[in-house]
Amino acid sequence: MKEHEDSKEPTPETDGKEASTPLDFIRTIIAQDRKNNKHGARVHTRFPPEPNGYLHIGHAKSICLNFGIAAENEGGLCNLRFDDTNPSKEDQEYIDSIFEDVRWLGFDWGDRLYYASDYFEKLYEFAVALIRKGKAYVCDLSPEEIRQYRGTLTEPGKDSPYRNRPVDENLDLFKKMRAGEFPDGSRVLRAKIDMKSPNINMRDPVLYRILRAVHHRTGNKWCIYPMYDFTHPISDSLEGITHSICTLEFEDHRPLYDWSLDELDIFRSRQIEFARLNLTYTVMSKRKLLELVQEGLVISWDDPRMPTISGLRRRGYTPEAIRDFCDRIGVAKNDSMVDIALLEHCIREDLNMKAHRRMAVLNPLKVVIDNYPAEAAEEFLIQNHPGNPEMGSRSVPFSRTLYIEQDDFMEDPPKKFFRLSPGAEVRLRGAYFVTCTSFVKDEMTGKVIELHCTYDPSTRGGDSPDGRKVKGTVHWVSAPHSIEAEVRLYDRLFTVPNPVGEKEDRDFKAYLNPDSLKTIVSCRMEPSIKEAKPGETFQFERLGYFCADSKDSSMDHPVFNRTVTLRDSWAKIEKTLESKGTPEKAKKPHVEKTAEMKKPEATIDDFARLDLRVGIIREAEAVKDSDKLLRLMVDLGEGRLRQIFAGISKAYPDVSALIGQSVIVVANLKPRQMKFGLSEGMILAGGDEDNLSIATFTGSLVAGKKVS
RNA sequence: UGGGGGAUCGUUCAACGGUAGGACAGCGGACUCUGACUCCGUCGAUCUAGGUUCAAAUCCUAGUCCCCCAGCCA
């Protein structure tokens with residue numbers, strides 16, 4: 001435990017940014033502008049969400065950027081502005097959640113809370129001004145006609161027949177639009193720019209539409225609403241925003257943004273675009289997240305599996321970790337997909353420092369200490385944080401009957417298994433050394449249901465007076481003193497890194513991870529857990545970081561969400577152990593890059609370069625338009641299925657017979673792009689066209705095991 | 001096939017004509033009353049082809065690939 005030697009105190013103002021870190025391109029522009037005394041060296045940004053959904057981690061990137069830049073620059077300010085120009089999608093619920101989320105992230109907009117809807121009157125006046133200048137006109141074309149007149153990406157549009165209406169007529173019509181004299185959708189106000197522009201946004205874009213909907217702030221006052229492209233530059237201008245930072249898809253809109261400010265001749269803000277955040281194993285669009293909520297695929301917007309700010313909060317993420325993450329991912333214009341492992345790293349780093357340690361047993365296995373007096377019990381004082389005595393300690397009861405984790409015992413352990421097995425000695429964390437003397441199996445299931453151990457009284461507190469070492473330390477709870485609790489184990493929401501980019505043959509929801517939530521209802525925990533407050537975070541030793549659920553946890557019924565596991569090097573060892581199959585296999589030879597050693601015959605080493613694995617076929621279907629190929633989804637124990645195309649259709653007219661079969665897969669081939677999709681491996685089969693069979697195993701092998 | 005953007009280790013961000021660097025991930029090791037933490041080591045990249053230059057990720061030319069745009073959404 002050494003991490004407290006330079007404990008930092010992260011705040012929104014100081015975390016991240018060391019003076020030496022190079023500026024991203026936006027901060028470089030701003031530094032340049034300040035140097036040139038542009039806008040009197042003033043820096044004023046804004047965060048402009050539309051209240052049509054909950055904020056997610058991608059918004060956090062924008063929030064950290066906008067508020068962060070304001071905070072870094074002397075006198076800098078950042079406004080919170082709701083871009084609420086489409087009443088049909090927006091709702092007060094979302095506004096409230098946005099307040100909560102931005103504040104929770106640690107940012108403060110002071111008295112600078114704005115709504116685009118507050119500018120409706122001014123916006124209307126600006127529109128009138130544009131009409132007077134001959135730069136806008138009322139158009140009677142239907143939506144369908146407007147689309148047709150707009151042209152296509154490669155063909156120019158043509159002028160609307162209403163394009164040259166006299167100013168007075170436009171003024172009159174626009175007034176009547178506002179007065180509600182026309183039905184929804186019958187007319188729009190358009191900018192008069194250039195129907196032949198190669199930039200479609202400049203082909204006389206719609207500025208106002210007629211829309212009878214109750215606005216969450218203005219109620220029924222308006223039946224015309226301004227479009228984003230008209231509203232945004234004017235809102236920025238009215239607020240004196242110096243740098244209007246938005247995402248890449250608005251790059252094409254910048255000429256229109258500039259056009260509006262030019263024509264209206266008002267304060268000139270500069271729009272700068274950066275790449276939005278994408279994260280592996282999740283989706284990041286409000287539309288898709290809404291879909292998950294509405295279809296009940298997750299419980300709610302704040303479901304701990306969601307990448308929403310509220311979901312992350314409920315999961316146990318801290319504002320500090322999210323801000324740190326946003327600092328680390330950087331700001332640029334490249335389309336990027338950030339590894340969720342980085343987010344997990346950030347939360348582990350933060351929580352490692354802050355979280356009190358507790359002992360909790362998720363899957364209890366009863367242990368009886370045979371030589372411990374039956375009626376006795378004692379209390380051990382255990383530190384809340386082994387690296388930081390200032391965090392205090394708590395009392396943990398011990399008795400003859402304990403629970404340990406089922407995983408911490410193996411009847412027939414492999415090498416390097418440092419936990420309990422027959423005859424093995426381990427330390428019970430903070431208590432005693434114990435040695436397993438026997439175990440009891442359920443006769444029906446063959447499952448180990450009880451362990452018997454002896455303890456060494458001289459090792460009280462966990463140290464041995466004779467200096468003997470034990471390799472393993474396991475966590476435990478005293479059975480009679482322990483309390484029951486529910487634990488929700490969360491995992492990634494999707495099984496593939498990029499659910500929306502999966503070669504478009506399937507909907508993103510097809511890749512939802514069925515194991516993204518596992519609930520365990522009868523966990524046993526040390527009694528101090530009773531005191532846990534909703535939202536409070538602990539490290540359950542050797543398991544991970546968990547927080548008491550803010551909605552469902554109570555003293556009577558504690559419920560914990562797993563925020564993130566601890567890094568688990570044992571899991572890796574286990575994996576390699578499995579794949580090696582036999583112990584003490586020699587190291588794989590390094591593949592030399594020298595090309596001169598080409599040999600006519602393959603060596604055993606060459607063969608060893610093929611990674612052969614046990615694969616279990618989970619799905620199988622014939623490939624349309626192919627008389628040979630089957631599309632197989634094969635489980636290699638990787639947490640996702642691999643798609644493999646195999647030319648074995650003739651041998652298996654009934655594809656369903658393949659499902660469940662254990663086959664041999666060449667697992668380390670470079671994936672091959674085929675006409676029908678990516679093939680990520682090869683299945684070994686024998687025979688010829690007429691007499692063909694895949695190589696299978698009898699018996700039950702675990703997916704992913706090495707084949708040799 | 002129009003317009004706007006973008007291509008640097010597996011991922012992500014830097015390097016702004018002068019030693020391609022950091023973080024995450026991976027791998028190896030040390031330490032350890034958490035197989036955690038921490039520490040050390042290691043692997044590893046300039047889209048391609050030409051050109052300019054003493055010197056190119058950076059400048060020029062020609063290609064290739066990827067993303068965005070045809071809402072009365074934002």
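Just so you know, these numbers come straight off a predicted model, no measurement behind them. In what follows, every chain begins at residue 1, and chains take the letters A, B, ... in the order their sequences are listed.
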* Quick one, give me the B/S/- string for nucleotides 8-23 of chain B, reading 5' to 3', where B means a protein heavy atom under 4.0 Å from the base and S means that only happens at the primed atoms, P, OP1 or OP2. => ---SSSS--------S
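Residue A/Leu543 is out of contact with every strand shown, counting any heavy-atom pair closer than 4.0 Å. In this structure, A/His253 reaches the bases: a heavy-atom distance under 4.0 Å links it to at least one base atom across the strands shown. Within 4.0 Å (heavy atoms only), A/Phe274 reaches no atom of the nucleic acid at all. In this structure, A/Arg427 reaches the bases: a heavy-atom distance under 4.0 Å links it to at least one base atom across the strands shown. A/Arg567 comes within contact range of the sugar-phosphate backbone alone, with a heavy-atom separation under 4.0 Å but no base atom that close.
Across every strand in view, B/U38 sits in a pair with B/A30 that passes the Watson-Crick or G-U test at under 3.5 angstrom. Summarising the base pairing, B/U64 is matched to B/A7 through a Watson-Crick or G-U wobble pair whose two defining distances lie under 3.5 Å. Base pairing analysis places B/U19 opposite nothing; no Watson-Crick or G-U wobble pair with both distances below 3.5 Å involves it. With a cut-off of 3.5 Å on both pairing distances, B/U46 has no Watson-Crick or G-U wobble partner at all. B/G2 and B/C69 make up a base pair, with Watson-Crick or G-U wobble contacts both under 3.5 Å.
Note on A/Asp407 versus A/Arg419: no salt bridge recorded, every NZ/NE/NH1/NH2 to OD/OE distance being 4.0 Å or above. Under 4.0 Å is where a charged nitrogen must lie from a carboxylate oxygen, and between A/Glu541 and A/Arg358 no such pair does. The existence of a salt bridge linking A/Asp118 and A/Arg217 is confirmed by a sub-4.0 Å separation between a basic side-chain nitrogen and an acidic carboxylate oxygen.
You'll find that the side chain of A/Arg150 is closest to B/G71, out of B/A74, B/G71, B/U34. Distance from the side chain of A/Trp570 is smallest for B/G35 among the nucleotides B/A36, B/G35, B/A70.
The only option from A/Lys354, A/Arg567, A/Arg328 that meets the salt bridge (Lys or Arg N to Asp or Glu O under 4.0 Å) definition with A/Glu349 turns out to be A/Arg328.
With a 6.0 Å cutoff to the six-membered ring centre and a 45° limit on the axis angle, A/Arg178 counts as a cation-pi contact of A/Tyr124.
At a cut-off of 3.5 Å, with distance as the only test, a side-chain donor of A/His232 or A/Asp83 sits close to an acceptor on the other residue. No side-chain N or O of A/Tyr281 forms a donor-acceptor pair with one of A/Asn498 less than 3.5 Å apart.
At the phosphate of B/G2, neither OP1 nor OP2 sits under 4.0 Å from any side-chain N or O atom of A/Thr152. Remark: A/Arg419 is not in phosphate contact with B/G35, judged by side-chain N or O atoms under 4.0 Å from OP1 or OP2. OP1 and OP2 of B/C67 both lie 4.0 Å or more from every side-chain N or O belonging to A/Arg276. OP1 or OP2 of B/U32 has not a single side-chain nitrogen or oxygen of A/Arg429 nearer than 4.0 Å.
Counting to the nearest Å, the C1' atom of B/C73 and the CG atom of A/Leu207 are 15 Å from each other.
Residues A/Leu141 and A/Asn199 each lie close to RNA chain B; by heavy-atom proximity, the contact nearer the 5' end of the strand is made by A/Asn199. Between A/Ile210 and A/Asp568, it is A/Asp568 whose nearest contact on RNA chain B lies nearer the 5' terminus.
Put simply, the side chain of A/Glu405 gets close to the backbone of A/Leu362: a donor and an acceptor are under 3.5 Å apart.
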